[in-house]
Amino acid sequence: MPAHDSSAHLITHALPSYLNPDDVGPWGTYLQQVDRVTPYLGSLARWVETLKRPKRILIVDVPIEMDDGSIAHFEGYRVQHNLSRGPGKGGVRFHQDVTLSEVMALSAWMSIKNAAVNVPYGGAKGGIRVDPRKLSKGELERLTRRYTSEIGLLIGPTKDIPAPDVNTNGQIMAWMMDTYSMNTGATATGVVTGKPVDLGGSLGRVEATGRGVFTVGVEAAKLIGLRLEGARIAVQGFGNVGGTAGKLFADAGAKVVAVQDHTGSIYNAQGLDALALQEHVRTQGGVQGFPGAESMEAEAFWAVDCDILIPAALEGQINKDNAQRIKAKMVIEGANGPTTPEADDILHDKGVLVLPDVIANAGGVTVSYFEWVQDFSSFFWSEDEINARLVRIMQEAFAGVWKVAQENKVSLRTATFIVACQRILHAREMRGLYP
Ligand SMILES: NC(=O)C1=CN([C@@H]2O[C@H](COP(=O)(O)OP(=O)(O)OC[C@H]3O[C@@H](n4cnc5c(N)ncnc54)[C@H](O)[C@@H]3O)[C@@H](O)[C@H]2O)C=CC1
Ligand SMILES: O=C(O)CCC(=O)C(=O)O
């Protein structure tokens, strides 16, 4: 039901019909997170409604010719949640379960994340409801190009800059950059990030999100006295984010004991060879059948004996049904929105430290920012320089959030929202409302 301002003011807060305040999916999770931060926003709280309404939502029909000559239609989205701090920024997801509610939530978490690490962007996200594994390479390219043209009125190097997310990669970004450039008549490398290095991509971007997850994990482990040497790690999702994070923790002396992905769940108490597992996933499409591991039931994964749990797949994976069984001392959210608010409370009561997505997985967009800056200046940095700057930004942002959490006696998630929402709403207040 739309909420009306019952006062005598002319202005109402009636919600647009497409926004459901009782959403039980990712958007609902995000709304609850905003409600939790509102008491800490002081006078900026009067602007908080801005965060509950995406600025722009574009829904597009994406028709393509399939290899068999038939015409298939796919539903695509680009949502710009908030543009107060700069152009929209956020990835594009190709997945069979993509919904508008999900893309809205993902775009909102981008606004929070970009403000939390202080990169000069608003938040945006896109997606197509499609299982890309069912498409040929030609169909995938046609889908990507048609989608890029359809959202072409919103994106651009100074307007909104897409990047990879689930099931999208450097090749998809190359097609997006090429399509946008052809449509506008000039090569525009800065229209997307996460491109191949030969096309204006940045060294270190592929590993950046996982490296950021590792960096905040190391910082938090020091703060709670958790030794990484020999620490047992469980990872859900062994793609770009989970695979890199797992490998970096293993390189630091930890043991990756359990991994779950869309093909199955595997376990080895002595530790899995993370590099070999990455290669297995690359060639076999998933963790199933990895030599030297036993398979386990999907539900048993959540109760596995471990010190650190890294959800790095999809939203809502840690919920009221499995949170109680989690044995880890620390959860590092590589995925966006992997923990529901009920599960957050259960983990808090159990004394499990949760490093929230909006800071823990911000390494990807941080190096995307570096890529965008390098594209504008056509001057490219070394990988060492990129990694050093990434680690510094992640460490400083995390230390700031930790301090706010201690001072206000709130979770790291609410602390990150406090820092980020203050930045976003202060920018809104300073810019004002009128052209
Ligand atoms: N790629 C990036 O730079 C960033 C990604 N993220 C988030 O990290 C998460 C993973 O993204 P990527 O690694 O980029 O995607 P990816 O496509 O490389 O990997 C996704 C992984 O999730 C697994 N997965 C999918 N459905 C699953 C299910 N039902 N159960 C268990 N596992 C499942 C897949 O098997 C795969 O291992 C997403 O939530 C994404 O939004 C966050 C920040 C940046
Ligand atoms: O690199 C980017 O611009 C955004 C990556 C992304 O989609 C995310 O952080 O969730």
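When a ligand or atom number is given, it counts from 1 through the structure's own listing order.
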Would you please say whether a donor-acceptor pair under 3.5 Å links the side chains of [X] and [Y]?
X: N167; Y: H95; value: no
X: K89; Y: T193; value: yes
X: R205; Y: S368; value: yes
X: T179; Y: T148; value: no
X: K255; Y: N268; value: no
X: N319; Y: T340; value: no
X: Q374; Y: S202; value: yes
X: W302; Y: Q317; value: no

(request) Quick one: do N82 and R428 satisfy side chain to side chain donor-acceptor pair (under 3.5 Å)? Show the steps, please. (result) CA-CA 10 Å; N82 190 286; R428 182 68 275 152; over 6 Å; no
Per-residue contact class, [X] against ligand 1 - non-hydrogen pairs under 4.0 Å:
X: Q96; answer: neither
X: A312; answer: backbone
X: Q236; answer: side chain
X: T209; answer: side chain

Just jot down the ligand 1 atoms closer than 4.0 angstrom to any heavy atom of [X], in number order.
X: G237; value: 21 (C), 22 (O), 23 (C), 37 (O)
X: R205; value: 3 (O)
X: N167; value: 17 (O)
X: F238; value: 37 (O)
X: A313; value: 9 (C), 10 (C), 22 (O), 23 (C), 24 (N), 32 (N), 33 (C), 38 (C), 39 (O)
X: A335; value: 7 (C), 8 (O), 9 (C), 39 (O)
X: R93; value: 38 (C), 39 (O), 40 (C), 41 (O)

(request) Would you verify whether the NZ or CZ of R142 falls within 45 degrees of the ring axis of W175 while also being under 6.0 Å from that six-membered ring's centre? (result) no
Just to confirm my output: which protein heavy-atom neighbour is closest to [atom], and how far is it?
atom: atom 5 (C) of ligand 1; value: V241 CG2, 3.4 Å
atom: atom 27 (C) of ligand 1; value: H262 CB, 3.8 Å
atom: atom 19 (O) of ligand 1; value: G239 CA, 3.5 Å
atom: atom 26 (N) of ligand 1; value: L314 CD1, 3.5 Å
atom: atom 15 (O) of ligand 1; value: V166 CA, 3.5 Å
atom: atom 18 (O) of ligand 1; value: N240 N, 2.9 Å
atom: atom 8 (O) of ligand 1; value: G334 O, 3.4 Å
atom: atom 40 (C) of ligand 1; value: D165 OD1, 3.1 Å

(message) Between the side chains of R145 and D178, is the shortest nitrogen-to-carboxylate-oxygen separation below 4.0 Å, so that they form an ion pair?
(response) yes
(message) Do the side chains of E315 and R93 get close enough for a salt bridge, i.e. N-O under 4.0 angstrom?
(response) yes
Below 4.0 angstrom from a heavy atom of [X], which ligand 2 atoms are there? Numbered from 1 as shown, please.
X: N336; answer: 10 (O)
X: K89; answer: 2 (C), 3 (O)
X: K125; answer: 6 (C), 7 (O), 8 (C), 10 (O)
X: S368; answer: 1 (O), 2 (C), 3 (O)
X: G91; answer: 4 (C), 6 (C), 7 (O)
X: A163; answer: 1 (O), 2 (C), 3 (O), 4 (C)
X: R205; answer: 1 (O), 2 (C), 5 (C)
X: K113; answer: 8 (C), 9 (O), 10 (O)

(request) Report yes or no: does G194 have a heavy atom closer than 4.0 Å to ligand 2? (result) no
(request) Output yes when a side-chain donor or acceptor of E139 lies under 3.5 Å from a complementary backbone atom of D67, and no otherwise. (result) yes
(request) Indicate yes or no for a side-chain donor-acceptor contact from K125 to the backbone of G90 under 3.5 Å, with no hydrogens or angles considered. (result) no
(message) Would N361 count as being in polar contact with ligand 1, using the rule that some N or O on each side must be under 3.5 angstrom apart?
(response) no
(request) Hey, could you give me the CZ/CD1 distance between R36 and I418, rounded to the nearest 0.5 Å? (result) 13.0 Å
(message) For H262 and F238, I'd like to know if the aromatic rings sit close, meaning centre-to-centre distance below 6.0 Å.
(response) no
(message) My understanding is that we take every heavy atom of each candidate and find the minimum distance to atom 6 (N) of ligand 1. Doing that for L106, N336, D261, V259, which one comes out nearest?
(response) N336
